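Working notes, structure below.
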Amino acid sequence: MAEELLIHIRKEYPGRRIVFQARLPVTRGWTVLFGPSGSGKTTILRCIAGLERPDQGILRFNGETWFDSDRGLFTPPQKRRLGYFTQEVALFPHRTVAENIGYHLPGLSATEKKQRVDEMISLFNLDALRHRKSPNLSGGEKQRVALARTLARRPRLLLLDEPLSALDQPTRIQLRKELRDLIAPFNIPVLIVTHDRTESLTLGDRMIVLDEGRTLQDGTLAEVFSKPESRRVAQIVGMENVFPGILTGIHDGLAHIEAGGQSLTAVAEQCKPGPVMVGIRAEDITLLTGGSPETSARNRLHGRVANVSHEESLVRVTVDCGFQVDALITREALVAMNIAPGADAGLAVKATAIHLFPHR
Amino acid sequence: MNWAPLLLSLKLAAVVTALLYVIGVPLAGWLSLSRRRWKFLVEAVVALPIVLPPTVLGYYILVAISPQSYVGSLYLKTFGRALPFSFEGLVLASTLYSLPFAVQPFLSSFESVDLRQSEAAWVLGASRVKTFFTVVLPASLPGLVTGGVLSFAHTIGEFGVVLLVGGNIPGSTRVVSISIYDHVQALEYAEAGRTSLILLLFSFVILAVVYAVNRKVWAVWPKNC
């Protein structure tokens with residue numbers, strides 16, 4: 001029995017077709033379905049949840065068939081035992097927080113049910129809200145209650161559809177930090193739909209990029225961001241250089257990062273020492289050759305030109321400096337600086353152009 | 001003042017309203033959940049009493065329950081009495097006649113419940129029936145009250161169907177609307193006026209209750225309850 005979620009579905013709407021294929025390990029890990037709106041992310045999630053029926057294909061979870069168009073099989077959402085969590089939280093308004101969490105826990109005795117609800121309430125820090133009804137909760141509180149309700153019945157797979165987008169900025173940042181820790185004890189695979197780059201970089205392990213109903217790329221976060229397989233992927237993810245690093249310390253509002261044997265300085269925004277993902281846009285990198293003049297850019301990297309590729313009016317220069325970094329320069333600059341594969345090159349990046357994403 | 005017709009009307013309306021909850025809630029629930037293509041046919045049949053003249057509806061019901069018909073003869077055999085011109089016959093006719101006044105408010109309130117709440121319940125593992133009773137029904141209370149009150153009031157006020165199916169038998173089928181008609185026919189205008197006034201006040205109170213219940217912002221009640 002394969003320990004995986006096998007998805008191979010097709011769903012058509014007038015003027016629109018969604019085709020999606022993926023195999024996801026179901027032991028653990030966060031997979032991000034990333035794409036612009038209209039790319040079919042939500043439909044895919046709803047098909048997996050059983051709230052929509054694909055026109056054709058197969059859905060199999062751990063050898064359990066949830067959908068098979070050839071054999072006419074369809075497992076209703078009730079029988080899939082998964083968690084589905086959306087941005088527009090649908091709490092039952094006439095029930096209290098505790099009643100929402102304990103809404104449907106089949107197979108548990110009354111005592112076990114109460115224990116389970118108590119456990120979820122303390123885990124999600126909802127003691128003070130226990131007897132409140134949902135219209136009296138703030139957006140962030142509703143989100144936590146809904147998550148507790150979803151996880152109370154111990155789903156085997158968690159689907160998150162833009163879980164944070166309905167929240168105001170401070171609450172979103174707070175919950176984004178907590179989300180992985182809140183879900184970690186349940187040790188379940190998570191499939192998260194988002195169009196938010198920061199959310200993907202903070203929460204994801206693996207990333208599937210979708211556009212117009214098709215999968216464009218499927219890989220680890222660093223792979224997808226740093227080595228987009230097409231211009232469209234690069235456009236969608238919007239940041240060519242993403243690599244892991246360690247934030248070693250913060251002084252005077254500046255963060256010091258070690259990555260691939262090089263040191264970097266960035267503006268410290270909501271980051272603490274520890275593992276981070278470092279992101280730099282290719283157009284924010286200045287290429288230097290020979291005796292580099294002093295610049296205001298705080299980051300100097302040295303490496304060797306690995307590749308040069310022409311893109312319309314610009315040239316993409318890939319430099320290997322312990323990790324690969326892409327820089328976008330003009331054709332004139334390429335000729336004037338005599339840049340070719342194998343040449344030594346320096347890179348300058350301003351501290352403000354380095355984006356940090358806390359990553360566990 | 002003869003109170004018997006008014007009391008009979010109230011009894012009829014109470015029985016019919018109770019029956020309409022029993023029939024109307026599942027019917028409206030089915031209409032809101034079903035994805036059958038022919039659902040519109042059921043909706044049209046339910047709405048027929050709104051457009052048909054009461055005499056037409058009354059005529060068909062009378063034919064359908066006469067001892068010559070299958071239903072009528074079955075009833076006669078089982079209970080030893082005929083349905084036309086009986087209280088039971090009136091109940092049956094009034095239930096059909098008031099059906100849309102119960103089903104339509106029920107249906108529109110069920111359909112106005114956020115589908116995402118039902119979907120959340122389904123994914124949590126709750127069956128469609130449990131979801132209907134625990135999520136949809138509690139959120140539809142104003143619609144349920146409206147449907148009940150409207151059916152009750154509509155049954156009190158009906159005339160044509162009652163006359164055709166029930167006739168004018170004191171204590172059994174002589175409801176308040178028919179007694180008013182009788183008084184007018186007998187030129188007893190004072191009596192007709194008194195009964196009419198009572199019916200007018202009653203109807204006003206009923207409608208005021210419906211509008212009050214359905215009012216979204218109600219300053220006297222605490223918000224967010």
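Within every chain, numbering begins at 1; the chains are lettered A, B, ... in the order of the sequence lines, protein sequences first and strands thereafter. Owing to the predicted nature of the structure, the values given are computational and were not obtained by experimental measurement.
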Contact origin within Ser118(B) toward chain A - heavy atom pairs under 4.5 Å
neither
Minimum heavy-atom separation for Ala120(B) to Ala90(A), with atom names?
CB-O, 4.1 Å
What part of Thr86(A) gets within 4.5 angstrom of chain B, counting heavy atoms only: side chain, backbone, both, or neither?
neither
Tell me if the NE2 atom of His94(A) is crowded by more than 12 foreign heavy atoms within 6.0 Å.
yes
Is it the case that more than 12 heavy atoms not belonging to Phe202(B) sit under 6.0 Å from its CZ atom?
yes
Mind checking which of residues 103-123 of chain A sit less than 4.5 Å from chain B, heavy atom to heavy atom?
Tyr103(A), His104(A)
Verify, without hydrogens or angle tests, whether Gln78(A) (side chain) and Ala126(B) (backbone) share a donor-acceptor contact under 3.5 angstrom.
yes
May I ask you to check whether over 12 heavy atoms, not counting those of Tyr59(B), lie within 6.0 Å of atom OH?
no
Quick check: does any side chain N or O of Arg153(A) sit under 3.5 Å from a backbone N or O of Leu124(B), one acting as donor and the other as acceptor?
yes
Nearest heavy-atom contact between Leu91(A) and Gln117(B) is O-NE2, 3.7 Å
Where on Arg149(A) is there a heavy atom nearer than 4.5 Å to chain B: the side chain, the backbone, both, or neither?
both
Most contacts with chain B, counted as non-hydrogen pairs under 4.5 angstrom, among Pro93(A), Ala146(A), Gly50(A), Ala49(A)
Pro93(A)
